[in-house]
Amino acid sequence: MPEGDAVHRTAARLRGALDGQVLTRSDFRVPRYATTDLSGREVLTTVSRGKHLLTRVEGGVTVHTHLRMDGSWRIMPAGRRPPPGDQVRLILACRQWQAVGVRLGMVDVVATSEEQQLVGHLGPDLLGPDWDPDEAVRRLRQAPDQTIGEALLDQRNLAGIGTIYRAETLFLRGVWPWRRVGDVEDLGALVTLAHRLLEANKSHAGTVTTGDRRPANQTWVYGRAGRPCRRCGTRISRGEMGAQSQERLILWCGGCQPG
């Protein structure tokens, strides 16, 4: 699933193509909004909120989308034919550009004044103007017996972190993923580091947490299961965390992150 930095970049691309432009076409290919037509309205802006995207349109309307596992927004010239088949779920086009939503996990149309119904449950956005590490820590501490690995992926605690940044943040802080939240010594340093990692990657594709942009050297543990730790040489472990049917990938170093 795209994480907060990738969604942040997607919002920037949508702003570059659509902000201030009048829609010449809106094609909602989801049954609930099949008859919705926003053509003739100006696009005001698109903002990211954690892993959610909010495209605000003239007239107090917001188009909410979520990429989930496989979704993406593609920007292409207005006259180009979009991808064939049923993978396209939404097209927003202006005179010069069209934004094509492919395999979007969620599509909603709401009043802009009611956006909070869709994103109001989210914790502080790691890349948002409302980022508040103290509030993120307060929310994490509300469930002291939860594992820190599960708590970091709960978007109600802090919004934008996913499996890659979870693994990298916990490694860099030397925290075993199954440690209880209440036993983590410095939650403030943990969430601050997550914020720094996403900030460092928000303007370019890919995830680099080591400082080395070469493809084989970009991460400490993510994508390196079974390979030696870059610090201590211990073989990187791979497992799953979360309730049944909602398990998510976790990687860690047993030497640097002792249980």
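Being a predicted model, the structure only gives us computed values, none of them experimental.
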E168 side chain vs V221 backbone, donor-acceptor pair below 3.5 Å: yes
Pairs where residues 74-89 contributes a residue and the test side-chain hydrogen bond (donor to acceptor under 3.5 Å, both in side chains) is met, not counting sequence neighbours: Q87-R103
Would you be so kind as to tabulate the donor-acceptor pairs closer than 3.5 Å made by side chains of residues 226-234, with sequence neighbours excluded?
| unit_1 | atom_1 | unit_2 | atom_2 | d |
| --- | --- | --- | --- | --- |
| R230 | NE | T219 | O | 2.8 |
| R230 | NH1 | N217 | OD1 | 3.4 |
| R230 | NH2 | A216 | O | 2.8 |
| R230 | NH2 | T219 | O | 3.1 |

Not counting sequence neighbours, which residues clear side-chain hydrogen bond (donor to acceptor under 3.5 Å, both in side chains) with T112? List them please. T62
Could you state the interatomic distance from SG (C253) to CZ (R224), rounded to the nearest 0.5 Å? 9.5 Å
Indicate the atoms forming the closest heavy-atom contact of L170 with G149, along with that distance. CD1-CA, 4.2 Å
Drop me the distance from L153's CG to R166's CZ, to the nearest 0.5 angstrom. 4.0 Å
Is a side-chain N or O of E42 found less than 3.5 angstrom from the main chain of E58, in a donor-acceptor match? no
Ionic contact status for R9 with D5, cut-off 4.0 Å: yes
Can you list, by chain and residue number, the hydrophobic cluster partners of V208 when the side-chain cut-off is 4.5 Å? none
Remaining members of hydrophobic cluster (4.5 Å side-chain criterion), L54: V47, V110, L118, V119, L122
Report the residues that fulfil side-chain hydrogen bond (donor to acceptor under 3.5 Å, both in side chains) with H52, sequence neighbours left out, ordered by chain and then residue number. H64
For the hydrophobic clusters of this structure (ILVMFWY residues joined by side-chain heavy atoms under 4.5 Å, transitively), does one cluster hold both M106 and V102? no
Which heavy atom of V88 sits nearest to which heavy atom of P83, and what is that distance? CG2-O, 3.6 Å
For the student: nearest non-hydrogen atoms of Q98 and I91, plus distance: OE1-CG2, 3.7 Å
How long is the straight-line distance from OG1 of T207 back to CD of Q218, given to the nearest 0.5 Å? 7.5 Å
Taking R56 for the side chain and T46 for the main chain, is one N or O donor matched with an acceptor at less than 3.5 Å? no
Sorted by chain and residue number, the ring pair (Phe, Tyr, Trp, His ring centres under 6.0 Å) partners of H195 (sequence neighbours excluded) come out as W131
Would you list the atom pairs, donor with acceptor, under 3.5 Å between side chains in residues 181-189 and any protein atom, with sequence neighbours excluded?
| unit_1 | atom_1 | unit_2 | atom_2 | d |
| --- | --- | --- | --- | --- |
| D183 | OD1 | R180 | NH2 | 3.2 |
| D183 | OD2 | R180 | NE | 3.0 |
| D186 | OD1 | G188 | N | 3.3 |
| D186 | OD1 | A189 | N | 3.0 |

Would the distance check show the side chain of Q155 and the main-chain N or O of G160 forming a donor-acceptor pair, the cut-off being under 3.5 Å? yes
Any carboxylate oxygen within less than 4.0 angstrom of a Lys/Arg side-chain nitrogen, looking at R25 and D27? yes
Spatial distance of atom CG (L172) from atom CG (L197) [nearest 0.5 Å]: 6.0 Å
Derivation and outcome, side-chain hydrogen bond (donor to acceptor under 3.5 Å, both in side chains), residues D37 and S39: CA-CA 6 Å; D37 185 6; S39 58; 2.7 Å; yes
So do D108 and R32 actually touch side chain to side chain, heavy atoms under 4.5 Å? yes
Ignoring hydrogens and angles, tell me if any N or O in the side chain of E240 forms a donor-acceptor pair with the backbone of L249 under 3.5 Å. no
I148 side chain near L190 side chain, heavy-atom distance below 4.5 Å: yes
Got a donor-acceptor contact below 3.5 angstrom from the Q257 side chain to the V175 backbone? yes
Distance-minimising heavy-atom pair for P144 and R141: CD-O, 3.4 Å
Determine whether a donor-acceptor pair (N or O, by modelled atom type, separation under 3.5 Å) exists between the side chain of H204 and the backbone of A200. yes
Closest non-hydrogen atom pair between L158 and A136, with its separation: CB-CB, 4.2 Å
Would you mind listing the cluster partners of V57? Hydrophobic ones only (ILVMFWY), side-chain contacts under 4.5 Å, chaining allowed. V7, L14, L18, L23, F28, V30, Y33, L38, V43, L53, V61, V63, L67, W73, I75, L90, L92, W97, L104, V107, V109
Below 4.0 angstrom, N of the basic side chain to O of the carboxylate: do E199 and R196 qualify? no
Between R49 and D130, is there a side-chain N and carboxylate O pair less than 4.0 Å apart? yes
Side-chain (D132) to main-chain (P124) donor-acceptor, under 3.5 angstrom: no
Which residues satisfy the ring pair (Phe, Tyr, Trp, His ring centres under 6.0 Å) test with F171, sequence neighbours excluded? W220
At their closest point, which heavy atom of C94 faces which heavy atom of Q21, and how far apart are they? CB-CB, 3.7 Å
Taking atom CG of L251 and atom OG of S237, what is their separation to the nearest 0.5 Å? 8.5 Å
Besides W176, the hydrophobic cluster formed by Ile, Leu, Val, Met, Phe, Trp and Tyr side chains linked at under 4.5 Å, directly or via other members, contains W178, M241, I250, W252
Looking at residues at least two apart in the chain, or sitting in another chain, which of them share a side-chain hydrogen bond (donor to acceptor under 3.5 Å, both in side chains) with R235? none
So NZ of K51 and CG of L126: to nearest 0.5 Å the spacing works out to 10.0 Å
